[in-house]
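Working notes for the structure below.
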Amino acid sequence: MKKFHAAALAATGMLVASAPAMAQSVDETVNSLFASSTGWFVSFIFSPFPGTSFPWIVAWLVIAATVFTLYFGFIQFRAFPHSISLVKGDYSDPNDAGEVSHFQALATALSGTVGLGNIAGVAVAVSIGGPGATFWMILAGLMGMASKFTECTLGVKYRNEYEDGTVSGGPMYYLTKGFEERGLPAGKILAVLFSIFCILGALGGGNMFQANQAHAQISNVVGDYPGWITGVIFAGIVFAVIVGGLKSIASVTEKVVPFMGVLYVLTALVILLMNADKIGWAFGQIFAGAFTGLGVAGGMVGALIQGFKRAAFSNEAGVGSAAIAHSAVRTKEPITEGFVSLLEPFIDTVVICTMTALVIIITGQLISDPATGSYLLSEGSTVIQTVDGNTGVALTSAAFSSSFGWFKYILAIAVVLFAFSTMISWSYYGLKAWTFLFGEGKTKELVFKIIFCIFVVIGAAASLGPVIDFSDAAIFAMAVVNIIGLYFLMPVVKAELDSYLSRLKTGEIKKFK
Amino acid sequence: MSKKIAVGYDGSDSAGGALEFAVTLAKASGAELVIAHVLEWSPYSFLTPTEIEERHKRRTEELERAESAVIKPVMGKLEEEGVTAKCVLKYGHIAETLNMIATDEGVDQIVIGRNGHSQLSSRLFGSVAGSLAQAASVPVTIVP
């Protein structure tokens, strides 16, 4: 009956205003065509292990992180203090001043990963997986540090340096050069596959998804208006930055984004302090939820899946994107970039994501049964009931606004800026994959940059669900290829690590400060 | 013992005044000059991925430009005037780096010009002359 009604409405709509209806049907055609041709790929990447709801791609990332953690002897904890001193510049030769510092490399790579995942994604994770998801998220974040360490070291070691002083690096280069050096076959095929997935991921998750969510946030605050307007404005700004080389916009964003990140964490800390009496209780919920589920769908396993998934989606450890960002840094020791990069999952997941989760839990957004202590699920779904039925960004916004009403505006600005900086970073990752496939050159680069800007408009204008599913799948397909490479090349990193640590011990590598 | 005087020089008018003053001092006392040119740089600023990739290239270009546009003309002039001088070109926070150069070169005093900012902007951003006067390990002469 409902269906018939809708069809009748659509038919009259068609007669009354044929143009918008036709645009609608174009959208629908694109959606269904795209879904039917790529659906198999999406369901393959996100398919669960038989008989469970655990997606194999999440297991793939977590197992890799565990293998690297064990292989390098818990390097993320052993090298943590050294990583901090590298970022502080204690080991930087003053004569190299004017080159990119470790701090700058870290900040740039971080601005590519800190974004919607930390704000909206975490809200989704705790509203499905309960507070316990936080525990598994932190654990996966800590393990992911070892994956980042491995890929970023390789990124620097096998990068290409050109005569004019510029460099290109990333998984496509270590898959090719690293495999060749070790006499392994198929490096080139893996590199090409990685590049294809990276371009798709850059256009999708790194572009359309961001544009789409930025539009959603803006129209949430100023009221509904057509998405293509946001799209054209965003595309114009992105064009000015990546094609026009307009430094001012980029440098403003690059300054405001870290500031927003710090403001976000500080506000979260203030809210936690205001509720200091409940911190013990919140951690109690996190631990109890981690092992019992406290009534969430799927119990302990449900909490674990949500936590692992969130960590993997948010910090991109093992995906290979960070290896592209870090490889441009000038350093004599590739391993130092590995040390610096292991701080990224820590800041992104262990600090920022955890703050979001704690604020949601401590401000009592999730509704539990006072008698049993179990969380109540919304009727007919796997989502926990929330105070106003919020989910996603709205849930985070409600949690923060319950203490500071003005925070929702700050959050809206933050989401838009995070989306913008993520787009700038991914335009670079996509470009590097593009030039790897088609060669370097001004015209070839321009073609990619223009395609990238067009996709900004498409992403903001349409609700292309299947396209976005596909691009998320593409980002994780990057991880499939990249991690295969990391397994084969990890002995190279081990050799670099041993050599560096022994030289650090003998004092051959010395502190300047 | 021969004296050494460092001059903070960036090619600006006020730096020119400081240099003139230092030349007069040098001629009177037979001191040697150290022309210190510092390119403003903070390792804690934020860059886009593309800027990071091109940084080494840009740095090389900036150094070449400083060499040809700032250092060369002044060294030529000093040679004509018969003053012994060497130049040091470095990146960093201007006041801190000038002080570092002064220490490394073992100079007896530093001469700098002042950029004549309004009180407000020096309050907000600090002034090179002010911070150097506070931090320097040798006497500083500020030439108006």
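Residue numbers begin at 1 in each chain, while the letters A, B, ... track the order of the sequences.
Heavy-atom pairs under 4.5 Å with chain A were tallied for B:Arg55, B:Lys90, B:His56; the largest tally goes to B:His56. Considering only heavy-atom pairs separated by less than 4.5 Å from chain B, the leading option among A:Ala328, A:Ala97, A:Gly98, A:Ser427 is A:Gly98.
Within a 6.0 Å radius of CD in B:Glu20, other residues, nucleotides and ligands contribute 12 heavy atoms or fewer. Applying the 6.0 Å contact sphere to CD of B:Gln134 captures no more than 12 heavy atoms from other residues, nucleotides or ligands. Within 6.0 Å of CD on B:Glu40 lie more than 12 heavy atoms contributed by other residues, nucleotides or ligands. For B:Lys77, the NZ atom is loosely surrounded, since the number of other residues' heavy atoms within 6.0 Å does not exceed 12.
Between the OG atom of A:Ser168 and the CD atom of B:Glu53 there is a distance of 5.0 Å, given to the nearest 0.5 Å. To the nearest 0.5 Å, the span separating OG1 on B:Thr60 from CG on A:Asp164 amounts to 9.5 Å. Residue B:Glu54 holds its CD atom at 7.5 Å from OG1 of A:Thr166, rounded to the nearest 0.5 Å.
For the pair B:Pro43 and A:Ser101, the tightest heavy-atom approach, listed with the atom from each and the gap, is O-OG, 2.6 Å. In terms of heavy-atom proximity, B:Ile52 sits nearest to A:Ala105 at CD1-CA, 4.0 Å. Closest non-hydrogen pair, A:Ser425 versus B:Pro49, comes out as CA-CG, 4.1 Å. Closest of all the heavy-atom pairs between B:Tyr44 and A:Lys88 is OH-O, 2.7 Å.
Ion pairing between a basic and an acidic side chain is recognised when a charged N comes within 4.0 Å of a carboxylate O; A:Glu99 and B:Arg59 show such pairing.
For B:Ser42, the part sitting under 4.5 Å from any heavy atom of chain A is the backbone (N, CA, C, O) and nothing else.
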